[in-house]
**Student:** 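Take this structure first; my questions come after.
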Amino acid sequence: MARFTVFVRGLRVGARIGVHADEYDRTQPLTIDIEALLEGASVEGLSDTLNYERVAEAARQIAAEGHVALVETFALRLARACLEHGPVLKVVVRVEKPEALKEADGAGCEVRLARSS
């Protein structure tokens, strides 16, 4: 059985995100990286893999659902969505909030999830 790593790097999504009062009424940029481990006997079509467009759409959908307080929550929701598609065994989702700290290039979190057996 072959194993594949499928990734999306630097996906930019605007989201209403944050815990501070001034963050509730504005959209902020997020930069998202997704890495998924897949296993399959063959990869011949989109149903055999993780479709990049579906990953991007899932991220946009989470943002469209309304305000999210924490990047951790956003990352967890996206990781769970990735596990629902294709033969994904494990997924790592990294969500960076570039405007979180003026003194830093970015801040955020990384979540790792695996499909339960």
Side-chain angles (χ1 to χ4, degrees):
M1 191 79 57
R3 289 201 168 190
F4 303 88
T5 299
V6 174
F7 60 88
V8 175
R9 291 195 183 120
L11 177 65
R12 291 172 297 283
V13 173
R16 287 177 288 141
I17 192 162
V19 296
H20 302 291
D22 69 324
E23 295 179 300
Y24 278 80
D25 294 327
R26 65 182 171 105
T27 299
Q28 298 183 70
L30 298 178
T31 304
I32 302 168
D33 297 329
I34 299 103
E35 187 172 297
L37 177 66
L38 291 79
E39 185 172 74
S42 67
V43 179
E44 301 296 329
L46 285 177
S47 63
D48 301 324
T49 189
L50 181 63
N51 184 333
Y52 314 134
E53 293 171 1
R54 290 182 83 177
V55 170
E57 180 55 37
R60 288 190 294 266
Q61 180 61 39
I62 293 166
E65 289 172 355
H67 187 87
V68 178
L70 302 170
V71 292
E72 291 85 348
T73 303
F74 194 101
L76 186 58
R77 289 178 186 171
L78 184 54
R80 287 179 176 153
C82 290
L83 285 177
E84 293 175 2
H85 299 293
V88 177
L89 300 174
K90 298 177 183 177
V91 65
V92 178
V93 174
R94 180 182 181 97
V95 178
E96 184 176 325
K97 191 174 165 186
E99 297 176 357
L101 295 171
K102 292 180 184 178
E103 304 84 10
D105 291 336
C109 82
E110 182 175 284
V111 63
R112 297 170 183 266
L113 285 184
R115 185 180 300 276
S116 55
S117 303

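Numbering of residues begins at 1 and proceeds along the displayed sequence.
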**Student:** With heavy-atom distances below 4.5 Å as the criterion, would you say the side chains of V111 and E72 are in contact?
**Tutor:** no

**Student:** For residues 44-63, pull every pair meeting ring pair (Phe, Tyr, Trp, His ring centres under 6.0 Å), keeping only residues two or more places apart or in separate chains.
**Tutor:** none

**Student:** Look at the side chain of R12 and the backbone N and O of G10, then say whether any donor-acceptor pair between them is shorter than 3.5 Å.
**Tutor:** yes

**Student:** Roughly how far, to the nearest 0.5 Å, is CZ of R9 from CD of E35?
**Tutor:** 6.5 Å

**Student:** Let me confirm one number: the CG-CG distance from D33 to L11, rounded to the nearest 0.5 Å.
**Tutor:** 8.5 Å

**Student:** Is it true that atom CZ of R26 has more than 12 heavy atoms of other residues, nucleotides or ligands lying nearer than 6.0 Å?
**Tutor:** yes

**Student:** Would L113 end up clustered with I32 when hydrophobic side chains under 4.5 Å apart are linked, directly or stepwise?
**Tutor:** yes

**Student:** Heavy-atom distance under 4.5 Å between the side chains of L30 and F74, does that happen here?
**Tutor:** yes

**Student:** What are the two closest non-hydrogen atoms of V88 and C82, and how far apart are they?
**Tutor:** CG2-O, 3.6 Å

**Student:** Look at the side-chain heavy atoms of Ile, Leu, Val, Met, Phe, Trp and Tyr, link any pair under 4.5 Å apart, and say whether L76 and V8 land in one connected group.
**Tutor:** yes

**Student:** Donor-acceptor pairs are to be reported for all side-chain atoms of residues 60-69 against protein atoms at under 3.5 Å, with residues two or more places apart or in another chain.
**Tutor:**
| from | atom 1 | to | atom 2 | distance (Å) |
| --- | --- | --- | --- | --- |
| R60 | NH2 | E57 | OE1 | 3.3 |
| H67 | ND1 | R16 | O | 3.4 |
| H67 | NE2 | G18 | O | 2.7 |

**Student:** Are the side chain of R54 and the backbone N or O of L50 linked by a donor-acceptor pair below 3.5 Å?
**Tutor:** no

**Student:** Apply side-chain contact (heavy atoms from CB on, under 4.5 Å) to A58 and list each qualifying residue two or more places apart in sequence or on a separate chain.
**Tutor:** L78, A81

**Student:** Looking at side-chain heavy atoms only, is the closest gap between V6 and I34 below 4.5 Å?
**Tutor:** no

**Student:** Can you list the other members of the hydrophobic cluster that holds L70, where links are side-chain heavy atoms under 4.5 angstrom apart?
**Tutor:** V19

**Student:** Please list, chain by chain and in numerical order, all residues satisfying side-chain hydrogen bond (donor to acceptor under 3.5 Å, both in side chains) with R3, sequence neighbours excluded.
**Tutor:** E39

**Student:** Within a reach of under 6.0 Å around CG of D22, are more than 12 heavy atoms found that belong to other residues, nucleotides or ligands?
**Tutor:** yes

**Student:** Show the nearest heavy-atom pair for residues A75 and V95, with the distance to one decimal.
**Tutor:** CB-CG2, 3.6 Å

**Student:** Which atom pair, heavy atoms only, marks the closest approach of A79 to V91?
**Tutor:** O-CG1, 3.6 Å

**Student:** Test: side chain to side chain donor-acceptor pair (under 3.5 Å). Region: residues 97-108. Which pairs qualify, not counting sequence neighbours?
**Tutor:** E23-K97

**Student:** Using modelled atom types and a 3.5 Å cut-off, is there a donor and acceptor pairing between side-chain atoms of R115 and backbone atoms of L83?
**Tutor:** yes

